[in-house]
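Let me begin by presenting the structure, written as C-alpha cells, before commenting on it.
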Amino acid sequence: SGLTGISANSGWTDGGTNVYTSTTTDNVGIGTTTPSTTVEIVRQGSAAPLMISATATGDGNYLMVASEGNIGIGTVAPRGGLVVMNGNTGIGTTNPAAKMNVSSTTEQLRLNYDSASYASLTTSSTGILSIGTNGTTNFKIGNDPIPGYSNFWAGGVATPDSTNYGWQIKNDATEVWFNAASGGYLA
C-alpha cells in the first residue's frame with residue numbers, strides 16, 4: 001500500500017497509483033482539522049501555504065501563493081496581487097500573442113474609479129481603437145479610407161472619410177491635416 005500510518009477505516013483509499021478520500025463528500029485539510037471546502041490549506045507560521053515546484057528545491061517556481069496572499073506564476077517572489085513571469089497571459093483567448101492579450105467582441109478593458117466613473121478601450125473588427133468614458137466613445141484611432149494616412153478623430157464620427165475626421169497624418173509624416181472639411185493643413 002502507498003499509505004503509511006493511516007488505519008484501514010481512515011477515510012482514504014489507496015487505488016494503486018491514486019490515493020483519494022473514500023467518499024466524495026469528504027474534505028481535505030492541510031494545516032487544519034476542520035476544512036470547510038474540498039481542499040483547504042491553512043498557512044502555518046510565515047511559510048507560503050501553497051507551492052508547486054519543478055523540483056524538490058524549486059520553492060514554488062511554477063506556482064506560489066505567498067503567506068501575504070500574493071500569487072506568483074513562474075516566480076518565487078510574487079509582490080502585489082498576481083505576478084506572471086515569462087510567457088504570455090490571455091483573457092478570452094487560449095493562445096495569447098503578447099504579454100497581455102485580451103480578446104472580446106465587446107469592450108476589452110475598463111479602468112474604474114468607482115462604479116459610475118470609468119474609462120474603456122475597445123478594438124473593432126477593422127482594428128479601430130475606441131477610447132471612451134462612462135459608456136460614451138470620446139476618441140478613435142484608426143486607418144483612414146485614403147491610402148497612406150492614419151486618422152485620429154473624436155466622438156460621434158462612426159467612420160472617417162476624406163471630409164470627416166479630426167487629425168490626419170500622412171504615414172511618411174510629410175503632411176498633417178486638421179479637420180479636412182474646413183481645410184486645415186499643417187505642413
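All residue numbers in this chain count up from 1 along the given sequence. Small disclaimer: the values here were computed from a predicted structure and weren't measured.
- Under a hydrophobic-cluster definition in which Ile, Leu, Val, Met, Phe, Trp and Tyr are linked whenever side-chain heavy atoms come within less than 4.5 Å, directly or via other members, Val28 and Val42 are assigned to different clusters.
- A donor-acceptor pair under 3.5 Å links the side-chain atoms of Asn134 to the main chain of Tyr118, judged by distance alone.
- With hydrogens and angles disregarded, a donor-acceptor distance shorter than 3.5 Å links the side chain of Thr55 to the backbone of Gly58.
- Under a hydrophobic clustering in which Ile, Leu, Val, Met, Phe, Trp and Tyr are joined whenever their side-chain heavy atoms come within less than 4.5 Å, directly or via other members, Ile30 and Leu50 fall into the same cluster.
- Checking side-chain atoms of Ser22 against main-chain N and O of Trp12 turns up a donor-acceptor pair under 3.5 Å.
- Between Pro35 and Asn27 the shortest heavy-atom distance is O-ND2, 3.5 Å.
- Side-chain polar atoms of Ser120 and Glu107 form a donor-acceptor pair below 3.5 angstrom.
- When every heavy atom of Ala48 is checked against every heavy atom of Val65, the shortest pair comes out as CB-O, 3.3 Å.
- Looking only at side-chain heavy atoms (C-beta outward), Ile128 and Thr122 stay at 4.5 Å or farther from each other.
- Rounding to the nearest 0.5 Å places OG1 of Thr57 at 8.5 Å from CG of Asn61.
- Separating the CG atom in Leu111 from the OG1 atom in Thr133 is a distance of 12.0 Å, to the nearest 0.5 Å.
- Using modelled atom types, no side-chain atom of Asn70 and backbone atom of Ala66 make a donor-acceptor pair closer than 3.5 Å.
- Expressed to the nearest 0.5 Å, how far CG of Asn88 lies from CE of Met100 amounts to 10.0 Å.
- Interatomic distance, Ile71 CD1 to Met64 CE, rounded to the nearest 0.5 Å: 12.0 Å.
- The two residues Pro78 and Val76 have their closest heavy-atom pair at CD-C, 3.5 Å.
- Without hydrogens or angle criteria, Gln108 side chain to Val102 main chain gives no donor-acceptor distance under 3.5 Å.
- When all heavy atoms are compared, the tightest approach of Glu40 to Thr34 is OE1-O, 4.0 Å.
- Annotation: side chain of Pro96 is not in contact with side chain of Thr89 (no heavy-atom distance under 4.5 Å).
- The nearest pair of heavy atoms linking Gly60 to Ser53 is N-OG, 2.6 Å.
- For the pair Ile131 and Leu121, the tightest heavy-atom approach, listed with the atom from each and the gap, is CG1-CD2, 3.4 Å.
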